[in-house]
2 protein chains.
Amino acid sequence: MCKFFLTYANTSSYMNNTTLKKISEILGLSISTISRALKNHPDISDKTKQRVVELAETLDYEPNANAINLRTSNSKLFGLIVPSISNWFYNAFIASVEEESRKNGYSLMILQSGDDPLIEITNLKLCRQNRITGLFVCISPDTTNIEPFLKLKELDIPVIFFDKVPEINNCNKVCVADSLSATMAANAIVNKKKKKVLGIFGNPHLLITKKRLEAFQNTINEKVNKIKLITDHASSSVEAEEIMLRHLKEKPDTIFCMSDEILIGAMKVVQQKGLKVPQDIAVITISNGGAPKLYYPEITYVETSGHKLGKLAFSSMMACLGGSTFIQELTIESLLVEGGSL
Amino acid sequence: MCKFFLTYANTSSYMNNTTLKKISEILGLSISTISRALKNHPDISDKTKQRVVELAETLDYEPNANAINLRTSNSKLFGLIVPSISNWFYNAFIASVEEESRKNGYSLMILQSGDDPLIEITNLKLCRQNRITGLFVCISPDTTNIEPFLKLKELDIPVIFFDKVPEINNCNKVCVADSLSATMAANAIVNKKKKKVLGIFGNPHLLITKKRLEAFQNTINEKVNKIKLITDHASSSVEAEEIMLRHLKEKPDTIFCMSDEILIGAMKVVQQKGLKVPQDIAVITISNGGAPKLYYPEITYVETSGHKLGKLAFSSMMACLGGSTFIQELTIESLLVEGGSL
DNA sequence: AACAATTTCGCAAACGTTTGCAGCGAATTT
DNA sequence: AAATTCGCTGCAAACGTTTGCGAAATTGTT
């Protein structure tokens, strides 16, 4: 045995990875015995187990995930495709899914598409090549063809769409309550007896924008005490800034922002003009909670929690893996978080 | 052939993944021929190639990455371990590394440790089990034992430490210019003839804090026109807020923030007190560029670019893979970006 | 027509694991 | 003493690829 050990010590610079075979040769046992010993199989005696585990540790054995996946065809790996990880909401979502995955013995392959449908497809291929067990995906705004994603279902790979979901029906989706959260924000404004609201919304051809705009408008307009509502669209923080500057002449008493990005643009103008919040102008937004806390007073917001959405997406995934063929379209509830801005 | 095709079409619900073997049986060719045809090997005739590629496409063939990695023992996969992805700087770093990786045919396994050394070790194991080709790692503040990371080098797996790097010498590191960037900020302050500076620094036992504090102090103090310097430490945004409030009585004319987190805390107090920047108080920070753009006027900052650091880390990685055994400790240059806050 | 050269392809081993099955020695039962 | 059990371990196939080598089929050369 000592001889064997020396031999392997010498060749360690060439064969740099410990394998079951290597351990088996040193110990004079078969590969299968080593494999079973390491996973505490009842067939193997305690003496043997101890010897094996000990050597495995000193040799710093790490099982080869590729071999295991190949053999068992169960990768215990989820794919997660997102337009960008540089985003508070997605950050929270990812952290949440990752935590759950880790706790349940899965790992996570995070891929970002940079809003490029081509990269998105590349990422999808990568997921398939790595034989993922399931996929979480938030499609980019420019993605028109979701066929490739649906194809995974034929391969028995569950797909959970989150946040930006396709408009078709036969797929699992988890979303924030787009309409409801806008309604809640509108109600908060109404309750505060505001008179003139500037609502800044996002890219007008996104589904999320349409939903929020419609719900917001309806809620504001259904009130008897007529509130004047000005709406406009901004696709970026800078555009939101311009819109704020343009509409400030009309003296709104309240600003509603559909997203963090828009809030940030709007708040730059608030600072620039030296406006007091909420005395000169009230502000309310829809957010995961990161951006509103940047300001003083903290901005009142309707929370759409990436963290909660992650939990929901994960449990939906587990349900699919558990054999549920029930297609679900889930929504997390929203919550009004009071800052001092309204 | 038609018979074969039907057979496979029927069993498609069971055997849900196309393999080389499947294609070979349908086409009546050997597995090796299929393999070669798909990678455009010169041994295979154009006719055959065409037939193979065509069928592979209709059958939606995707190579099994696990099998390939097992066979070739070249995973073309980098690991990236970071305390948290919820961070502008790391976001930029990751995006940069990911882009380069994709362009060079590598994929990236992103893992976050949540500043927990135990999860960090778990993540490291995951990387090893997946037989990564190389590792980018930013150690968490509480990590004391970097042995496990260094062990990778014995396995011929390059390790590039970035941002938070260990203090030992025999490892590859890429960093932002901690001392230099603090010096640049200090010089900018001196040039503006400021008289009384409040410097808010991070967690005092982090190397980065020590370096920045020392450089900042030295630069401020070496000037003949004595500048009064107050320094304090904050480990979070909220602490920075408290410190600001506490020291505001001493009427500093300038605030220096060591990081985004601290800037955000400080700026909340600026907003709270209705201070005009830069008239009432000047502000300068060190940042990747995200946070300074949240405010009006935009905050003047010394840029430490996550994007550039990513590029540097990647090229350092490629150098290692290219066979360079030269241990390098690289630093990206900083850059003063003028906002209107100083 | 015979031979060489070239094109085209298949065989089989290997990568590192898991796992059903069988083997074997010893202890217990009949 | 033979048969049965039980505890421990090994054999061998399989997962899906890649690739060196050899063989067959085709072409070109005399």
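It should be emphasised that the depicted structure is a prediction, and the values quoted were computed from it without experimental measurement. Throughout, protein chains are lettered first and strands after them, A, B, ... in sequence-line order, and every chain is numbered starting at 1.
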>> Once side-chain hydrogen bond (donor to acceptor under 3.5 Å, both in side chains) is applied, do any residues pair with B/N40, and if so which ones, sequence neighbours excluded?
In response: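 Counting only residues at least two positions away or on another chain, B/N40 forms a side-chain hydrogen bond (donor to acceptor under 3.5 Å, both in side chains) with B/K49.
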
>> What contact category does B/N64 fall into here, base, sugar-phosphate, or nothing, at under 4.0 angstrom with non-hydrogen atoms?
In response: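 Sugar-phosphate contact only.
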
>> Base, sugar-phosphate or nothing for B/T72? Non-hydrogen atoms, less than 4.0 Å.
In response: sugar-phosphate

Think [X] has a side-chain N or O under 4.0 angstrom from the OP1 or OP2 of [N]?
| X | N | result |
| --- | --- | --- |
| A/T33 | D/dT9 | no |
| B/S35 | D/dT19 | no |
| A/S32 | D/dA12 | no |
| B/S45 | C/dC9 | yes |

> Rounding to a whole Å, what distance do you find between B/L70:CG and C/dC15:C1'?
Replying inline: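 Spelled out: CG on B/L70 to C1' on C/dC15 is 4 Å.
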
> Are A/N17 and A/Y61 close enough that a side-chain donor and a side-chain acceptor fall under 3.5 Å?
Replying inline: no

> Just checking, is any N or O donor in the side chain of B/T18 or B/E62 under 3.5 Å from an acceptor N or O on the other one?
Replying inline: no

>> Both A/Y61 and B/P42 contact DNA chain C. Which one's nearest nucleotide lies toward the 5' end?
In response: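 It is B/P42 whose nearest nucleotide is closer to the 5' end.
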
>> Protein within reach of the bases, or only the backbone? For nucleotides 23-28 of chain D, mark each nucleotide 5' to 3' as B, S or -, using heavy atoms under 4.0 Å.
In response: ------

>> Before you tell me yes or no, could you show the steps for A/E147 and A/K151 under salt bridge (charged side-chain N to carboxylate O under 4.0 Å, His left out), namely the whole-Å CA-CA distance, both residues' side-chain angles and the distance that decides it to 0.1 Å?
In response: CA-CA 6 Å; A/E147 271 301 321; A/K151 204 170 283 175; 5.9 Å; no

> Run the side-chain contact (heavy atoms from CB on, under 4.5 Å) check on A/C127 and A/L111 step by step: do they pass?
Replying inline: CA-CA 9 Å; A/C127 284; A/L111 299 168; 3.7 Å; yes

>> Does any part of the side chain of A/L108, heavy atoms only, come nearer than 4.5 Å to the side chain of A/V97, both counted from C-beta?
In response: yes

> D/dG16 base to A/R131 side chain: any donor-acceptor pair below 3.5 Å?
Replying inline: no

